[in-house]
Amino acid sequence: MSSLDTDSLETESHGHGGMMIRALLLGVGAFESTVDGEWSPTSEGLPSLPSIEPQVRGLATVLSRFDGLHVSEPVINADRVRIEESWRQLRHDAAGQPRIVHFAGHGVSRGRVLYLPVHDSRPTDLPESAIDVGRWLNEVEHGSDQSPVLFLLDVCGAGAATDYQLFQDVPEGHRRTWVIAACTADESAFDARFTKATALALERLRLGHWDISPTLSHVPVEAVADEIARELVRLGEGYPQTVVHSPRRAAALPVPEFFANPAFSTDGWQRLRSRLRLAVRELAADFDPGLDPVHFLTRASGRLDDAAAMTGCLFTGRTRELTQIRSWLASDEPLLLVTGSPGAGKSALLGVTVFLAHSQLAELSTVLVGRIPARYRPERRYPTLVAVHARHRSTDEVIASIIVQLIPEDAEPAAASSEQALDELKRIAQDLPEPVVLILDAVDEAMESDRIVDDLLPELLRTLRSDGRPAFRALVGMRPPPTDGHLFYEAAGARGMLLDLDTSSNVEDLANDLTTYIADILYSAPAYSDQALRESVACAVATAIVHSRDRSTFLRAVPQRSWL
C-alpha cells in the first residue's frame, strides 16, 4: 500500500513583484501587392505568408497564461500607420515597464538596416513604406524611458538587427534593447517556425520545465534564445535556422526582467526540490516515448511531488499482493486484473511492479528496493515489458504507445489506420523472443475505456505465438465495474487471475501496514518528533481507517491530496 507525501510543497509562484510586462504581437502575412514564387528586390509585391496569423495568435495565447504579463490583441496584416501607432501606444502605456515586441513576416536587410515590410509596403521603396528596425532600437536606446524592450523577430535576415546593435556600440551595462532573431543576417526564416518554437518554449518555461538556476529571479535573454533554438531543432522539418541574440561579452550583468523564473526561491530546500524535479523530467525524456516513468515512480513511491519521489519511498505492505504479482509474472497466465475501490492502491501496486520489472528502470528503482524485501520483488526484469498509463488516452493512443516501446530506438512506427496499427502490434509481438508483458494502468479513466476493455484487450490476449504461448500477457489496473459491468471483468477469474485490493488484505495486516505508513509520513513533521507520540497517533488513525465503513475514503484523505 502506498500514499502521497503529506509534507510535499507546492511549487512557489513568482510573479513580477507587482510589475506588469506588456507584450505587442505583430504579424504581417498579407500584402496589398503580392507576387507568386520567390521575391526579388525589383518585385512590385511580396509573397503572402498564410502561416503567420495562426502562429502569432498561438503565441499570444501562450503569453496570456503568464502572471504579470499583459498581452494586447495581436495586430495582424496592418498597414504602416497602424503598426507605428501600436508601437507608440505601447511605449506610452508601458512607460517605465519592461516590454516585449514580437514581429513575424517578411524581413529585408540592406547592409546594417533591417526593414520589416507591412501590409501597404512597396518593396521598391522600403525606407518610406516599411518599418526600420534600427529606428525602433534607437528610439529605445536614446530615449528618455529607461525601461527595457525585448524584440522577437521572426523574419528573414533577422540577425541584421543584432548586427546593428554592434554598430550602436551601447555599453552592455546600459543596454535597454534585447533582440532574439530567428536567423542570422544571411539566412531565411520559414513558415513562422520561430514563432511556433517560441510558443512551445515559453509554455515549457511557464510549467517550470527549464533548467534555470533557482537563484535567479528572472530568466536571462540568452537562455530564452537557447530554449527557442532547441525547440526549432525538435520541430525539424529540414529547415536550418540559426537563432541569434543581442551580443553579450560581460560574464555577469543584471538580468532584464522580461520573464520571471518559476523555479526561483530564497529557500534552500525548495531550490533543491526544483533541481530534483527537473532531473526527473530530463530522465523521463530519455526513455521510450510511450513510457511515462514519472507517473509510475510517483505512484510507486507514494509521493506526488516529482522531486520527493527521487529522495524517498513511502510504499508499505501489500506483501500478499506483491507475491501474487511475482508468481503471475513468472507464469504464462494471460491476465491478472488488479481492481479495487478508488484509493485502494491499484496504481501504487502497478507502479512498483513497473519499476522492479522493467529493464530500463533498474537504476531508478533503487528508491523502492529498500522498502520491498527481495522475496516480494519480481524474479527478474522482463525485456518485453511495456507500461502504459491509459488515463485520458484513446485506444489508438494506447496501441501507439505500446508499439513505440517495442520497436528499436532508431525505428519509426509506420503511419497506419487503427486496424493496421493493431495488426502491426500483433506482428511485432509474435516476432519477439518472449511474450509481451503489458502493464496497463487506469483503464477506467481512458477516453475509450469500453473499447479498450471489450475489444483491444481480448484481441491481444487471443493472439498466439508460433510456439503456442500467448503473444501478450496483461496486468491491468481498473476500478470494479457496476453489477452489469463488462464481461471482461466478470470472466477474469476464468481467463487468468483476479486481485481485488478491497478484500485481499485482512484487517490486522492492513492496520499494521497503515500504522507504519502513517508513522513514516509523520516522521518529518516537527510536531511528531517524539517516537511514542508519533506511533500512538499513527496507530489510532490506522485503527479508525480499517474499521470504517468506507475505508478508501479515509485512505484518500490521509495524504492531503489523493491516494492513487
Side-chain angles (χ1 to χ4, degrees), residues 1-8 280 291-306 308-326 328-329 336-358 361 364-373 376-378 385 387-391 439-445 475-480 498-505 509-521 542 545-546 551-564:
M1 134 188 350
S2 170
S3 80
L4 302 178
D5 183 14
T6 59
D7 65 346
S8 57
V280 172
L291 178 62
D292 183 359
V294 175
H295 165 78
F296 289 106
L297 176 62
T298 53
R299 272 61 182 182
S301 67
R303 295 173 178 265
L304 185 59
D305 183 276
D306 300 351
M310 288 290 289
T311 59
C313 175
L314 294 174
F315 188 93
T316 306
R318 292 298 192 192
T319 55
R320 295 182 181 180
E321 293 81 355
L322 289 170
T323 300
Q324 186 170 347
I325 291 175
R326 172 188 166 101
W328 178 84
L329 286 171
L336 174 55
L337 179 59
V338 178
T339 188
S341 304
K346 300 180 293 296
S347 291
L349 199 58
L350 266 60
V352 166
T353 304
V354 169
F355 267 81
L356 295 180
H358 197 292
L361 302 176
L364 282 178
S365 66
T366 54
V367 72
L368 305 175
V369 169
R371 300 286 295 199
I372 302 172
Y376 302 127
R377 303 176 208 153
L385 185 145
V388 180
H389 175 218
R391 182 178 298 154
I439 298 183
L440 188 58
D441 188 24
V443 173
D444 49 288
E445 298 178 65
L475 172 56
V476 179
M478 59 181 288
R479 297 175 185 176
L498 180 63
L499 176 54
D500 186 351
L501 300 187
D502 290 338
T503 59
S504 58
S505 292
D509 288 344
L510 182 60
N512 290 336
D513 292 342
L514 277 174
T515 299
T516 301
Y517 164 66
I518 295 170
D520 287 346
I521 289 177
I545 290 175
V546 298
R551 187 178 297 165
S552 66
T553 299
F554 283 94
L555 296 179
R556 291 197 302 274
V558 167
Q560 291 184 345
R561 291 179 181 167
S562 63
W563 177 298
L564 297 177

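Please read all numbers here as calculations on a predicted model, not as lab measurements.
- Using a 4.5 Å heavy-atom threshold, the side chains of Arg479 and Lys346 count as touching.
- Among the candidates Leu475, Val338, Thr353, Thr323, the single residue satisfying the side-chain contact (heavy atoms from CB on, under 4.5 Å) test with Trp328 is Leu475.
- Salt-bridge check for Arg391 with Asp441: failed, with every basic side-chain N at 4.0 Å or more from each acidic carboxylate O.
- By the side-chain hydrogen bond (donor to acceptor under 3.5 Å, both in side chains) test, Arg326 pairs with no residue at all, sequence neighbours left out.
- Using a 3.5 Å distance cut-off with no hydrogens or angles, the side chains of Thr339 and Asp500 do not pair a donor with an acceptor.
- Counting heavy atoms from C-beta on, the side chains of Gln324 and Leu336 come closer than 4.5 Å.
- A heavy-atom distance below 4.5 Å is found between the side chains of Leu385 and Ile439.
- When all heavy atoms are compared, the tightest approach of Pro480 to Ser341 is CD-N, 4.2 Å.
- Atom CG of Asp513 is separated from atom OG1 of Thr319 by 6.5 Å, given to the nearest 0.5 angstrom.
- Interatomic distance, CG of Leu440 versus CG of Leu350, reported as 8.5 Å (0.5 Å rounding).
- Residues passing the side chain to side chain contact (heavy atoms under 4.5 Å, CB included) test with Glu321 are Arg318, Leu349, Leu499, Leu501, Ser504, Ser505, sequence neighbours excluded.
- Between the side chain of Arg377 and the backbone N or O of Leu356 there is no donor-acceptor pair closer than 3.5 Å.
- With values rounded to the nearest 0.5 angstrom, Tyr376 atom OH is found 10.0 Å from Arg320 atom CZ.
- Residues Asp444 and Met478 share a closest heavy-atom pair of OD1-CA, 3.1 Å.
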